[in-house]
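Here is the structure we will look at.
The chains referred to below are lettered A, B, ... by the order of the sequence lines, with proteins before strands, and numbering in each begins at 1.
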Number of protein chains: 4
Amino acid sequence: MNDALPARGARLPSAERHALILEAAVEEFAGRGYAGARMAAVANRAGVTKGLLYHYFPGGKTDLFRAAIASCVAPALAEANQLASGFAGSARGLITALIDLGYARMALEPREHILMRLLMTEADRFPELAEFYRSEILQPSLMLTRQVLRAGVESGEFRPDADSLPGLAHVLLAPILMGSVWRMTLGEGAPDAAMLRAAHLQSAMRVLLAAPDG
Amino acid sequence: MNDALPARGARLPSAERHALILEAAVEEFAGRGYAGARMAAVANRAGVTKGLLYHYFPGGKTDLFRAAIASCVAPALAEANQLASGFAGSARGLITALIDLGYARMALEPREHILMRLLMTEADRFPELAEFYRSEILQPSLMLTRQVLRAGVESGEFRPDADSLPGLAHVLLAPILMGSVWRMTLGEGAPDAAMLRAAHLQSAMRVLLAAPDG
Amino acid sequence: MNDALPARGARLPSAERHALILEAAVEEFAGRGYAGARMAAVANRAGVTKGLLYHYFPGGKTDLFRAAIASCVAPALAEANQLASGFAGSARGLITALIDLGYARMALEPREHILMRLLMTEADRFPELAEFYRSEILQPSLMLTRQVLRAGVESGEFRPDADSLPGLAHVLLAPILMGSVWRMTLGEGAPDAAMLRAAHLQSAMRVLLAAPDG
Amino acid sequence: MNDALPARGARLPSAERHALILEAAVEEFAGRGYAGARMAAVANRAGVTKGLLYHYFPGGKTDLFRAAIASCVAPALAEANQLASGFAGSARGLITALIDLGYARMALEPREHILMRLLMTEADRFPELAEFYRSEILQPSLMLTRQVLRAGVESGEFRPDADSLPGLAHVLLAPILMGSVWRMTLGEGAPDAAMLRAAHLQSAMRVLLAAPDG
DNA sequence: TATGAATGAGCTTTCATTCAT
DNA sequence: TATGAATGAAAGCTCATTCAT
């Protein structure tokens, strides 16, 4: 996996070993879920022995799991926020750009898929995960969406009631998220992302734009 | 769980025991996933010994798992199809009824949630499951949706292009499905179903209706 | 195996069922040893259910095993004794006929092989088996051999000391028995029976005959 | 069994633990056969826990079994070959020494008996075992015997045709091997080794020697 | 007689975890 | 830091046996 795997038993800076192990853990947990993942496999992937895992993650499997999840989060939403905050054009242009971003990430990045899967699988055993997803992923996404809606309403591009229906942000978000679920569940058999994107864009415009687009 | 659990060791008609075990398996698998589920726990829930599990499901854990999944399927889509086939009113009324049905089931029935969760979680290990979901759940749902769209177009209620955009059915379905995912992932913290339903209905109407409803 | 297996569940004369089960048990034990044999497999081979095994052999697996062994014994030595008692020709002719008989049975009859194998495998757990083999198989064989030797000495065909060396009968018997062991151990790779027979005959003659045969 | 069994849980050089476990496995398999042997019993005999067995023999029971068999082999034939290669006396003296060696080992060494028993018992399930016995034990023994026969013929001690009858080596070997089988099958009730040896020697001489020893 | 549902003990195996080195 | 030998608790599964029908 890594093009320059360090030799077994080699002394490595602590931080690098830590990252290496974390990376291995993400792969293992993502592929097999919490219960199905084996510490020995994580150690193998990381090129270390089982014992060392407990040196870096004294809490054992659960500790490693939480750390693995946490390492999967940051970049996803950050990009969307950056896009929105620096955007100069119309509200219509911005929401188009955001939807495009969603489908683009869906096609490219496996990290969020992994996260969603683990959330679904292990939310029972690790209640913090559900809360984490709700507060760190879902809520910010909805907030961002609502900001755009409000901006569109204020600029007159969107219908006056586009920011008054509380569930609208969910409905706008759902196709992207569901596309991600389909992707990770059905693999190659999943609905085509380009097709979803086209229908999603058109629907969103019809729902939002002040003047029907004919 | 069962109000009249048969006494341990009591002889039972084969079919009843089979159903009892299956029920117990659904609960156990739903709660802990495939790898986390324990045969002993299934046996306990069913009020039998481990050995008997292998009498009824000679293929062991995998056999039991497949059977448990299969037992969760039938009723969901059947109801929707029945509703659609016997519907007398307008296309608008039908799609409203179908969306209502979706959110109603989401609130009431844990069975499909369980199914979806297991499908998503274990599709890697049981490729048949993904195919099963695609062909038995998703495709029929999309087909039903497209039928309604076509009927609405033909009757003049819906925009003329409402049945020509291939991804539209996905976009219309996504909020319901994602609502189900949120429900089973976030539990009490999930977005409110009534809220989702209201926004979903309004959006759908704007996307579909020939004349804007002002 | 049987050309006219009775239908499952059919009422059968007790003796026939008994024999059918015994036959099945011999095959199963022969193929897998005592510990490796499974009652369910015996029942299957016999076309009955497990429960019935305990009706016919109340002592369970051990009971069935002893009965299976006992059913394998009778015919082998009987034939040799019959041959010897009815023999009219020379002692040389008789011992030749007996050696021929040994190699002929080795090639044809799997039953004694089975017996030997079980004896070797299970003699620890069933001490009676060793005693049974010693007294019912080995001793009679040695006795028969010694009778022939004595007859040959008395008739002047064999050296005068041919019946005074106590281990000679063992040495004469060993190649046949070892041939049987090789057969069942090495299967197709076992030493050729015809080759063994030729060498055995020539050696025996040189050891026994009063006048060297040149 | 071992006079200085290491304390439970004590760390031991890998090679020693390996040997300790192997030794325990030989005993257990020898005593109960493959199917009857229990991993827990092997662990107990070796003074370790079951888990460690799988550390040293990742292939589990079959792996351990093969290793146990293989560990029983080396010394037996080596001794005979050494004896033959360093022998200075007559061919008659050599064959006498070899036969003596065979009966001596039979009386003393349980290892080869164990091997033979396992070979015979489990050859079905482990076809490699049969091949192993044939190529590593039986063939070399026959080769050694034939070498001696040829040497005796060339020196004029043995009849000119003593090396031209292909099965003669088998016949000469059989009493020793069969004696071993009797030993392990009948235990104390087996034919006396000294008696067998005497008869075997005398017979061999009569079969082989150029001039009858009358 | 005959069935097969039901048991329960015991088997092999896996795996997270510990700890002496 | 890093190793890997060693543990022990459980897991999945098998199978001889019993017994109500």
Side-chain angles (χ1 to χ4, degrees), chain A residues 8-14 17 35-43 47-56 58-62 64, chain B residues 6 8-14 16-18 35-43 47-62 64, chain C residues 8-14 17 35-43 47-56 58-62 64, chain D residues 6 8-14 16-18 35-43 47-62 64:
Chain A
R8 267 227 152 191
R11 208 83 163 195
L12 222 64
S14 193
R17 266 279 140 84
R38 285 164 299 129
M39 293 298 270
V42 174
V48 300
T49 53
K50 281 183 297 175
L52 199 58
L53 262 36
Y54 293 84
H55 182 70
Y56 283 96
K61 200 182 185 183
T62 60
L64 186 54
Chain B
R8 266 233 155 184
R11 207 183 186 82
L12 225 60
S14 200
E16 289 184 30
R17 262 286 134 80
H18 195 96
R38 286 164 301 127
M39 294 297 272
V42 174
V48 300
T49 53
K50 277 185 300 176
L52 198 59
L53 263 36
Y54 295 85
H55 183 68
Y56 283 94
F57 299 90
K61 199 181 186 183
T62 60
L64 186 54
Chain C
R8 267 229 150 188
R11 208 82 162 193
L12 221 62
S14 194
R17 266 281 140 82
R38 283 164 300 130
M39 294 297 271
V42 174
V48 300
T49 53
K50 282 184 297 175
L52 199 58
L53 263 36
Y54 292 82
H55 183 71
Y56 284 95
K61 200 181 186 183
T62 60
L64 186 53
Chain D
R8 266 231 156 189
R11 209 186 183 79
L12 223 60
S14 199
E16 290 185 30
R17 263 285 136 79
H18 195 95
R38 285 166 299 127
M39 293 297 272
V42 173
V48 299
T49 53
K50 280 182 296 176
L52 197 59
L53 265 35
Y54 294 84
H55 183 68
Y56 283 95
F57 299 91
K61 199 181 187 184
T62 60
L64 186 54

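Residues meeting the ring-ring contact (aromatic ring centres under 6.0 Å, His included) test with Tyr54(B), sequence neighbours left out: none.
Candidate nucleotides dA20(F), dT7(F), dG4(F) were compared by shortest atom distance to the side chain of Arg11(B), and dA20(F) ranks first. The nucleotide whose nearest atom lies closest to any side-chain atom of Leu12(D) is, among dT3(E), dT3(F), dA6(F), dA6(F).
Ring-plane geometry between Phe57(B) and His18(B) is classed as tilted, the angle between the planes lying from 30 to 60 degrees on a 0 to 90 degree scale.
Considering only side-chain N and O atoms, Tyr56(A) lies under 4.0 angstrom from the phosphate OP1 or OP2 of dA2(F). Regarding contacts with the backbone of dA2(E), a side-chain N or O of Arg17(C) is found under 4.0 angstrom from either OP1 or OP2. For the OP1/OP2 pair of dT1(F) and a distance below 4.0 Å, the side-chain nitrogens and oxygens of Ser14(A) include at least one atom meeting the criterion.
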Next item on the list: Classify every nucleotide of nucleotides 12-18 of chain E by which part a protein heavy atom approaches to under 4.0 Å, writing B for the base, S for the sugar-phosphate alone and - for neither, in 5'-to-3' order.
Entry: BBBSSBB

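Here Phe57(B) lies out of heavy-atom contact (under 4.0 Å) with every strand.
Stem analysis of DNA chain E (Watson-Crick or G-U pairs, both distances under 3.5 Å, runs of at least three) returns E:2-21 with F:2-21.
You'll find the side chain of Leu53(C) stays beyond 4.5 Å of the side chain of Lys61(C), heavy atoms only. Between Leu64(A) and Met39(A) the shortest side-chain heavy-atom distance falls below 4.5 Å.
Between the side chain of Lys50(D) and the backbone N or O of Ala41(D), no donor-acceptor pair lies under 3.5 Å.
At whole-Å resolution of the value, NE2 in His55(C) and C1' in dG4(E) are 16 Å apart. As rounded to whole Å, 15 Å separates atom P of dT1(F) from atom CG of Leu53(A).
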